[in-house]
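A short worksheet on the structure shown next.
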There are 2 protein chains.
Amino acid sequence: MRTVDPARFRARRRHIVDAAAALFAAKGFERTTTAEICRAAGMSSGNLFHYFRNKRAIFHAVFEEDGEEKARRLEEARSRDDPWEGLLEIVDLLAVPATEPLAPPLVMEAMVQAYRDSELEELLSRDSAAEHAAIASVLRKASAAGRTDPGLDPDHAASWVMALIASLYTSAATDPSFTPSEQLPMLRLILRRFLLDGREHRK
Amino acid sequence: MRTVDPARFRARRRHIVDAAAALFAAKGFERTTTAEICRAAGMSSGNLFHYFRNKRAIFHAVFEEDGEEKARRLEEARSRDDPWEGLLEIVDLLAVPATEPLAPPLVMEAMVQAYRDSELEELLSRDSAAEHAAIASVLRKASAAGRTDPGLDPDHAASWVMALIASLYTSAATDPSFTPSEQLPMLRLILRRFLLDGREHRK
DNA sequence: GTCTATAATCGGATAGAC
DNA sequence: GTCTATCCGATTATAGAC
């Protein structure tokens with residue numbers, strides 16, 4: 001007979017993380033106080049620290065997605081017969097979250113924090129390494145099939161594809177008139193022209 | 001007979017700003033303490049606050065460039081006969097500072113701070129509005145001359161040109177293997193393909 | 001102009017009762 | 001599991017001497 005219900009524990013942590021994420025997005029990590037998180041989550045300080053070792057652990061939890069599901073979807077896209085279909089699927093997979101209002105400022109905050117927090121940096125670079133590998137893989141396939149500019153190095157090009165997707169987040173966070181959902185078509189256009197260099201897109 | 005030498009006062013402020021910039025780049029705004037700035041600048045706290053109203057004013061000063069010189073160079077590029085020459089000149093003007101090691105982390109920090117600091121936000125958006133106007137201007141000229149894809153809206157395209165340049169800073173700040181100076185050719189390639197869509201670049 | 005000293009506040013985190 | 005109470009340290013900024 002155990003005294004803690006793991007599901008309830010996880011749900012409670014999730015409740016805290018959700019409350020904190022909105023604050024981190026609006027004010028950044030340092031300027032968000034634990035007292036504010038307590039208020040937003042409706043609990044005392046003593047209780048908050050029962051669920052998280054410290055403030056930083058709450059921030060990390062915001063970015064701990066289960067890679068399970070994502071890895072599955074990346075693998076699915078990467079194994080498509082048509083590499084361009086696979087690429088566009090990956091782009092959507094990575095770009096669509098940018099349409100959630102909290103995501104752009106949170107991603108920006110994560111990027112600057114990762115610069116000084118090696119644990120977070122490792123967390124994020126694990127994710128981005130998986131994304132990079134998937135993109136490079138479809139690019140290699142497309143290149144071999146003559147469906148992209150063969151002069152491009154797939155790994156190098158993949159880095160720029162990721163940079164372009166990241167622009168969706170940074171632009172949304174810095175320019176109020178920039179709406180990721182409206183900009184997705186332009187992102188796809190730039191990618192096509194970059195990678196195709198005048199080649200025909202369709203088979 | 002005045003007791004303060006304005007030139008000396010400005011030099012002293014500059015000395016403080018230089019010392020602070022390195023700290024802001026390494027640790028961010030909030031985690032840099034005024035005590036650290038004092039140590040780095042070799043002066044006492046009382047003296048530091050003789051030159052700056054508060055810590056935030058020091059941070060702002062890091063980004064107060066004289067727009068004089070920059071406006072002149074933008075205007076010069078914009079008035080080139082060949083709009084592509086003008087565009088590439090502007091791109092270099094904006095991209096080359098990314099090769100200074102402190103610039104990428106400082107720019108990232110400025111972007112996240114601007115999100116919560118309307119004064120800084122105005123400072124930065126004044127700059128970027130001028131840049132956007134210059135880029136849109138050369139793109140309009142290029143489009144009219146049939147030297148870029150006429151289907152692109154110059155203002156919209158200019159925003160993406162700026163986003164691509166910004167990628168140089170964000171990528172450098174988040175990916176240790178990314179070197180802006182090495183990536184400049186690729187940036188230019190992407191811009192050409194994006195804006196030309198198969199058209200010939202040279203006249 | 002520059003210093004020392006310190007005021008005033010706020011922050012994260014813990015102890016321990018219930 | 002949750003709370004109240006509180007500690008300790010750090011931080012920005014100021015007062016006032018030299």
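Since this is a predicted model, take the numbers as computed values, not measurements. Here is how names work: the chains are called A, B, and so on, in the same order as the sequence lines, proteins then strands, and each is numbered from 1.
Rounded to whole Å, the distance from CZ on Phe9(B) to C1' on dT2(C) is 13 Å. If you measure from atom CG of Leu48(A) to atom C1' of dC3(D), you get 13 Å, rounded to the nearest angstrom. Taking atom CZ of residue Phe49(B) and atom C1' of nucleotide dA5(C), one finds them 15 Å apart after rounding to whole Å. Nucleotide dG1(D) holds its C1' atom 8 Å from the CZ atom of Arg8(A), rounded to whole Å. Separating the NZ atom of Lys55(A) from the P atom of dC10(C) is a distance of 15 Å, rounded to the nearest angstrom. Here the P atom of nucleotide dT14(C) and the CZ atom of Phe52(A) are 15 Å apart, to the nearest Å.
Only Arg12(A), listed by number, bring a heavy atom of residues 10-37 of chain A to less than 4.0 angstrom from any atom of DNA chain D. Listed by residue number, Met43(A), Ser44(A), Gly46(A), Asn47(A) are the residues of residues 39-47 of chain A with a heavy-atom contact under 4.0 Å to DNA chain D. Of the residues in residues 112-123 of chain A, not one places a heavy atom less than 4.0 Å from an atom of DNA chain C.
Nearest heavy-atom pair across Ser79(B) and Lys141(B) is C-NZ, 4.1 Å.
Side-chain atoms of Met108(A) and Val112(A), non-hydrogen and from C-beta on, never get closer than 4.5 Å to each other. Contact annotation: the side chain of His156(A) approaches that of Gln183(B) to within less than 4.5 Å [non-hydrogen atoms, C-beta and beyond]. Side-chain contact between Pro180(B) and Tyr169(B) is absent, with no heavy-atom pair separated by less than 4.5 Å. Side-chain contact between Asp155(A) and His132(A) is present, with heavy atoms from C-beta onward closer than 4.5 Å.
Between the side chains of Ser167(A) and Ser167(B), at least one donor-acceptor pair of N or O atoms lies under 3.5 Å. A donor-acceptor contact closer than 3.5 angstrom is absent between the side chains of His60(B) and Gln113(B).
The salt bridge (Lys or Arg N to Asp or Glu O under 4.0 Å) pairs that include a residue from residues 93-117 of chain B are Glu109(A)-Arg116(B), Arg116(A)-Glu109(B), Arg56(B)-Asp117(B), where partners are two or more places apart or lie in different chains.
For Arg53(A), the side-chain hydrogen bond (donor to acceptor under 3.5 Å, both in side chains) criterion is met by no residue, not counting sequence neighbours. Every residue two or more places apart in sequence or in another chain that forms a side-chain hydrogen bond (donor to acceptor under 3.5 Å, both in side chains) with Arg193(B) is listed here: Asp149(A), Asp197(A).
Taking every side-chain heavy atom of Tyr51(A) into account, dG1(D) is the closest of dG1(D), dT12(D), dT2(C). Comparing atom distances between the Asn54(A) side chain and each of dA13(D), dG1(D), dA13(C) picks out dA13(C) as nearest.
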task: Please report the C-alpha distance between Glu75(B) and Arg72(B) in whole Å, then the side-chain angles of each, then the deciding distance to 0.1 Å, and finally whether the salt bridge (charged side-chain N to carboxylate O under 4.0 Å, His left out) criterion is met.
output: CA-CA 5 Å; Glu75(B) 182 51 37; Arg72(B) 198 186 53 68; over 6 Å; no
